[in-house]
Amino acid sequence: MILPEAPGVKTFCFKTTDDSWFKYFPGQFITIELPTPGEKLLRTYTLSSSPSRPLSIAITVKAQRGSLGSQWMLDHVQVGDRFRAYGPGGLFTFHNHPAEKYLFISAGSGITPMMSMTRWLYDDGAHTDITFVHAARRPSDIIFRAELERMAQRLPDLHISFVIEEDDPYVAWTGYRGRLSQLMLPLMAPDYLEREIFCCGPAPFMQEVRDILHSVGFDMEHYHEENFLAPVLAESEREEPDDVIPDEDSRAAVIFAASGVEAACRETDTVLAVAKAAGLNIPSACQFGVCGTCKVRKLSGEVHMVHNGGISDDDIASGHILACCSNPIGRVEVDV
Ligand SMILES: Cc1cc2nc3c(=O)[nH]c(=O)nc-3n(C[C@H](O)[C@H](O)[C@H](O)COP(=O)(O)OP(=O)(O)OC[C@H]3O[C@@H](n4cnc5c(N)ncnc54)[C@H](O)[C@@H]3O)c2cc1C
Ligand code: FES
């Protein structure tokens with residue numbers, strides 16, 4: 001099934017070929033192989049569906065200007081097409097942060113993990129207290145609006161607020177207008193300081209949300225966010241560099257043992273980039289250490305890896321690295 005959700009946004013629903021059930025946590029993602037002309041692209045999408053309905057999964061795709069993979073999906077995928085997908089993965093789920101009251105804040109396609117979690121909580125019937133805040137350019141861009149409003153009519157503790165930047169012509173809008181602000185948030189969720197907050201949207205939007213929360217002294221232990229693109233952090237939010245810092249002038253080398261290739265590089269190059277330059281293919285999708293697609297085994301040597309949750313401590317302990325966010329320090333040998 002393929003459902004149009006909003007201008008430039010579609011939901012794609014998938015089943016397995018043998019009708020087996022899907023198991024995942026609401027808020028997790030999959031990485032899907034797209035057979036675009038010329039090359040296979042890997043792209044990561046949050047499952048907008050809920051594991052409470054396990055016979056199928058859904059992803060909801062929005063293409064930005066200049067998009068290759070997502071636009072290809074919107075233009076070419078047809079009912080009956082088959083895809084290879086990997087996962088599920090990701091830590092952005094309330095299962096990791098149980099609370100009595102949640103505040104979901106999203107913008108644009110960042111609504112997908114919030115929708116999965118809300119669908120799950122709705123099906124669960126436990127009457128969890130959810131305030132759902134979503135920002136969109138226009139009312140017609142609000143993804144899942146009708147379903148959210150229907151759920152809110154049946155769940156007394158689901159409160160929805162939409163904020164838009166522009167009106168749709170000839171359509172009345174009685175909700176919030178402008179950009180989500182420090183004045184607006186308490187009107188939408190008077191007790192927001194007591195809530196477990198999940199946020200997903202474009203980097204500047206999430207920065208604004210973090211700024212609001214920092215300014216009121218919110219305990220950021222209770223704030224969780226998901227980046228769809230490489231995260232952009234304000235100077236004050238950057239963590240102190242650890243003991244090993246890759247040096248642009250220091251020479252390094254990556255030995256791709258299974259391919260019999262040795263490539264000289266700089267310490268600031270990633271293992272993924274070195275492989276690509278040497279004509280080797282390490283499958284990759286997000287390229288900022290969240291999806292886990294580029295995981296490879298390190299056989300010897302040292303890397304400086306700054307990931308975003310795409311690899312478990314067990315995998316690291318067993319010698320694995322994410323090639324997209326690992327810089328070789330000196331000579332490093334990988335099983336590629
Ligand atoms: C964990 C995770 C979950 C995700 N979940 C979803 C989801 O539920 N729905 C969804 O639609 N996408 C989701 N994404 C994003 C998706 O994986 C693609 O990365 C994104 O759509 C860009 O791929 P593309 O092929 O469209 O564009 P590309 O061809 O890779 O990029 C084309 C150009 O557009 C720019 N660009 C791409 N995306 C954006 C953006 N969002 N904002 C600004 N510029 C952009 C790029 O910088 C590039 O210059 C998720 C990503 C991650 C990592
Ligand atoms: S490509 Fe996603 S973690 Fe490396």
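Everything numeric here is computed off the predicted structure, so don't read it as measured data. In each ligand, atom 1 is the first atom listed, and ligand 1 is the first ligand listed.
Contacts of L272 with ligand 2, taken as heavy-atom pairs under 4.0 Å, are absent altogether. At a heavy-atom cutoff of 4.0 Å, ligand 1 is contacted by no atom of L41, backbone or side chain.
A distance of 9.0 Å separates CD of E302 from CD of E267, quoted to the nearest 0.5 Å. Atom OG in S161 sits 12.0 Å away from atom NE2 in H134 (nearest 0.5 Å). The distance from atom CZ of R53 to atom CG of D123, rounded to the nearest 0.5 Å, is 4.0 Å. Summarising the geometry, atom CG belonging to N308 is positioned 7.5 Å from atom SG belonging to C286; distances are rounded to the nearest 0.5 Å. The distance from atom CZ of R150 to atom CG of L148, rounded to the nearest 0.5 Å, is 9.5 Å. Atom OG1 of T11 sits about 10.5 Å away from atom CD1 of I2, to the nearest 0.5 Å.
Closer than 4.0 Å to atom 4 (C) of ligand 1 lies at least one heavy atom of the protein. Counting only heavy atoms, the protein gets under 4.0 Å from atom 11 (O) of ligand 1. Less than 4.0 angstrom separates atom 35 (C) of ligand 1 from none of the non-hydrogen atoms of the protein. Contact annotation for atom 48 (C) of ligand 1: protein absent (non-hydrogen atoms, distance under 4.0 Å).
The atoms of ligand 1 that sit less than 4.0 Å from any heavy atom of E226 are 1 (C). Listed by atom number, the atoms of ligand 2 under 4.0 Å from Q287 heavy atoms are 1 (S), 2 (Fe). Those atoms of ligand 1 with a heavy atom of R65 less than 4.0 angstrom away are 34 (O). Within ligand 1, the atoms closer than 4.0 Å to a non-hydrogen atom of L68 are 25 (O), 27 (O), 28 (P), 29 (O), numbered from 1 in the order shown. Under a 4.0 Å criterion applied to the non-hydrogen atoms of V290, ligand 2 contributes the atoms 3 (S). For ligand 1 and V61, the ligand atoms under 4.0 Å from any heavy atom of the residue are 11 (O). Near V290, meaning under 4.0 Å from one of its heavy atoms, ligand 1 places the atoms 53 (C). Below 4.0 Å from some heavy atom of T112 lie the following atoms of ligand 1, by number and element: 7 (C), 8 (O). Listed by number with element, the atoms of ligand 1 under 4.0 Å from a non-hydrogen atom of G69 are 24 (P), 25 (O). In summary, the atoms of ligand 2 found under 4.0 Å from a heavy atom of G289, numbered by their order in the structure, are 3 (S).
Remark: ligand 1 and S67 share an N or O pair separated by less than 3.5 Å (distance only, no angle test). Every N/O-N/O distance between Y45 and ligand 1 stays at or above 3.5 Å.
Between E226 and V290 the shortest side-chain heavy-atom distance falls below 4.5 Å. Contact of the W72 side chain with the V77 side chain is registered, since non-hydrogen atoms from C-beta on lie closer than 4.5 Å.
Shown here is D75, whose CG atom has more than 12 heavy atoms of other residues, nucleotides or ligands within 6.0 Å. Within a 6.0 Å sphere centred on CZ of R177, other residues, nucleotides and ligands contribute more than 12 heavy atoms.
In this structure, atom 19 (O) of ligand 1 lies nearest to the protein heavy atom F228 O, 4.1 Å. Scanning the protein for heavy atoms near atom 1 (C) of ligand 1, the closest one is F29 CD2, 3.5 Å. The protein heavy-atom contact nearest to atom 9 (N) of ligand 1 is T60 O, 2.9 Å. Q64 CG, 3.4 Å is the protein heavy atom nearest to atom 38 (N) of ligand 1. With hydrogens left out, the protein atom closest to atom 3 (S) of ligand 2 is G292 N, 3.2 Å, a heavy atom. When hydrogens are left out, the protein atom nearest atom 23 (O) of ligand 1 is R43 NE, 3.2 Å; that is the closest non-hydrogen contact.
Rounding to 10°, one obtains 100° for the angle at atom 2 (Fe) of ligand 2 between SG (C291) and SG (C286).
Of the listed options S70, G66, G201, C286, G66 places a heavy atom closest to atom 32 (C) of ligand 1. When the options T44, L229, I111, L42 are ranked by their closest heavy atom to atom 43 (C) of ligand 1, first place goes to L229.
Taking the six-membered ring where the residue is Trp, the centroids of F22 and Y24 are separated by 6.0 Å or more. F198 and F92 have their aromatic ring centers within a separation under 6.0 angstrom. Aromatic rings of Y223 and F218 (six-membered ring for Trp) have centroids beyond the 6.0 Å cut-off, not under it.
Note on C294: not counted as a metal contact of atom 2 (Fe) of ligand 2, no N/O/S atom lying under 2.8 Å.
Side-chain N or O atoms of S284 include none that pairs as donor or acceptor with a backbone N or O of Q287 at under 3.5 Å.
Under the 4.0 Å criterion applied to side-chain N and carboxylate O atoms, K62 and E5 are not assigned as salt-bridge partners.
Taking 4.0 Å as the cut-off, C324 counts as a neighbour of ligand 2 on heavy-atom distance. Not close to ligand 1: V9, with no non-hydrogen atom less than 4.0 angstrom away.
Aromatic ring pairs are classed by plane angle as parallel below 30°, tilted from 30° to 60° and perpendicular above 60°; the pair F14 and F83 is perpendicular.
Paired with P26 under the rule side chain to side chain contact (heavy atoms under 4.5 Å, CB included), one option of S49, S50, P51, P113 passes, and it is P51.
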